Amino acid sequence: MAASIAPRRSLFRHPNYLKLWTAATVSLFGTQVSQIAIPFIAAVVLKASAGEVGLLTTIEFLPFILFTLPAGVWVDRFPKRRILVIGDLGRALMLISIPIASVLGSLTIWQLYLVGFVNGAMTVFFDVADQSFLPTILQRDELVEGNAKLQISQSSAQILGQPVGGGLVALLTAPVAVLIDAASYVGSAALILWIRLTSSGARATGRRSDGLEAAEAAAVEATAADAEADVSPAAGASVGGEAAAVPPATPTGDGDGMRSQIMAGLRYIGHHRFLANIAASTATSNLFSQIAFAIMPVYLYRTLGLSPTTVGAIGGIGGAGVLIGALIASRAAASLGVGRVIVGSLLIGAVSFLLIPLAPPELAFWFVATAFFVGGLTGVVYNVNQVSLRQAITPEHFLGRMNATMRFLVWGTIPIGSLIGAGLSEVIGVHTTIWVGASLGVLSFVPVFLSPVRSLRTIPTDDPDAAVAA
């Protein structure tokens, strides 16, 4: 009982969180280099067509359709830290193959496809485990702050990493620059291995605690709350009400078959009055935006004639938007309400994307940079609040499957959008395809606008497991 009223410590004094945060930060900085280098290799070094460049994104995200749902079941069954470490080291090995092939003169677009697919598969397991691992080391009222700090790292990596990445591509050549990302994955794996969880570090749940897996299982019930102030559940949005959304057939043990657990995850989100509409809006946004983003390297480098250094600078400005978004995400929700922030941020971000096809060549940098800045800011505000809401209203034993199912639904549309963009660009041209994706993306706010999410004032802070038990 004393623990429940003790003052919450700063996450800067939380050893396990600091290791996880540092690992994420190191990896994110390295990733920014690859985000500049690999598209540049495809579009400029290998001179791939717009369709081939778009297909690269399709292949990178295809694993999110193929593996995300079973990944949620496996993440709930196996040690999450082990999955994180294997994912980091595996991606490092695949990236190292790019500069080796370049030195040997054998680098092709097909190797980029292979690296993209394998790393995409490893990212599926890593991301599901990562989202489910954070609640094992943080308390319920620390999650929004923890997620926001991770988003600050992401924005900082974009602000510094993308401009540096553009410079490194120009200085070292793109294939060699990829080695920096590989090194960052190795560093991340080492830091995650350094994390030590014991039974004394887990939240008491009445379960046995015998080492890392028990600590993870006990603490994974941690859910989100506002990091800036104590808030109460919104009227009509209690966790008890959300518990009713869990279908009676929801599995609670590992004895159920994988197929039944996957179906339970789909039913849980499909019947949930909040999660179903969040999934629909996010999936729609990803589908339409990827029609444009799949061929964005061709548009920026060839149509607008921008250099890698300029593209890196645009990414840095987008990162500044992400940083500001991370700093204001919880304050915006506290002032305006979680529902309004989720709806508004999605709409504003989609409208700002129209600046990209509108960009005249002489002002291309400013138009595209503004779109990236606004999109980065609104995107992180949307994600911090909707992810924290998802964590808050989902029972402990279902976190892995919920995160995996959401990832399947919302990221599964990315390869579809990329494939559409690749095909359209060959038929109607790159610029017109950018217009199609940007215009349709404006509709993505509609599902959350027409749902109960819009009227949600605060994130529930009640324990969803207690509500289910009741």
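Keep in mind that this is a model prediction, so the values were computed, not measured.
Classification of the Phe274-His272 ring pair by plane angle, with boundaries at 30° and 60°, yields tilted.
The stretch residues 331-372 participates, sequence neighbours left out, in these ring-ring contact (aromatic ring centres under 6.0 Å, His included) pairs: Phe293-Phe353. Residues in residues 299-343 take part in these ring-ring contact (aromatic ring centres under 6.0 Å, His included) pairs, two or more places apart or across chains: Phe40-Tyr301, Tyr299-His431.
Using modelled atom types, one finds a donor on one side chain and an acceptor on the other under 3.5 Å when comparing Asp181 with Ser184. Residues Ser281 and Thr284 bring no donor and acceptor atom of their side chains to less than 3.5 Å of each other. Side-chain contact annotation: Ser188 with Asp88, donor-acceptor N/O pair under 3.5 Å present.
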Subject >> Evaluation steps, side-chain hydrogen bond (donor to acceptor under 3.5 Å, both in side chains), between Arg91 and Thr123 >> reply: CA-CA 8 Å; Arg91 288 180 290 185; Thr123 299; 3.1 Å; yes
**OP:** Might you work through the side-chain contact (heavy atoms from CB on, under 4.5 Å) test for Ile269 and Leu409, ending with a clear yes or no?
**Re:** CA-CA 10 Å; Ile269 290 176; Leu409 294 172; 4.0 Å; yes
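Although no hydrogens or angles enter the test, the distance criterion places no donor-acceptor pair under 3.5 Å between the side chain of Arg457 and the main chain of Ala333. A donor-acceptor contact shorter than 3.5 Å is absent between the side chain of Ser34 and the backbone of Ala37. Ser285 contributes no side-chain N or O that, together with a main-chain N or O of Thr282, makes up a donor-acceptor pair within less than 3.5 Å. Remark: side-chain polar atoms of Asn286 are paired, donor with acceptor, to backbone N or O of Val410 under 3.5 angstrom. One N or O on the side chain of Glu52 and one on the backbone of Ser49 form a donor-acceptor pair closer than 3.5 Å.
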Name each donor-acceptor pair under 3.5 Å that joins a side chain in residues 340-350 to protein atoms two or more places apart or in another chain, with its distance.
from	atom 1	to	atom 2	distance (Å)
Ser345	OG	Val341	O	2.7
Ser345	OG	Ile342	O	3.2

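Atoms CD1 and OG, on Ile59 and Ser418 in that order, are 10.5 Å from each other to the nearest 0.5 Å.
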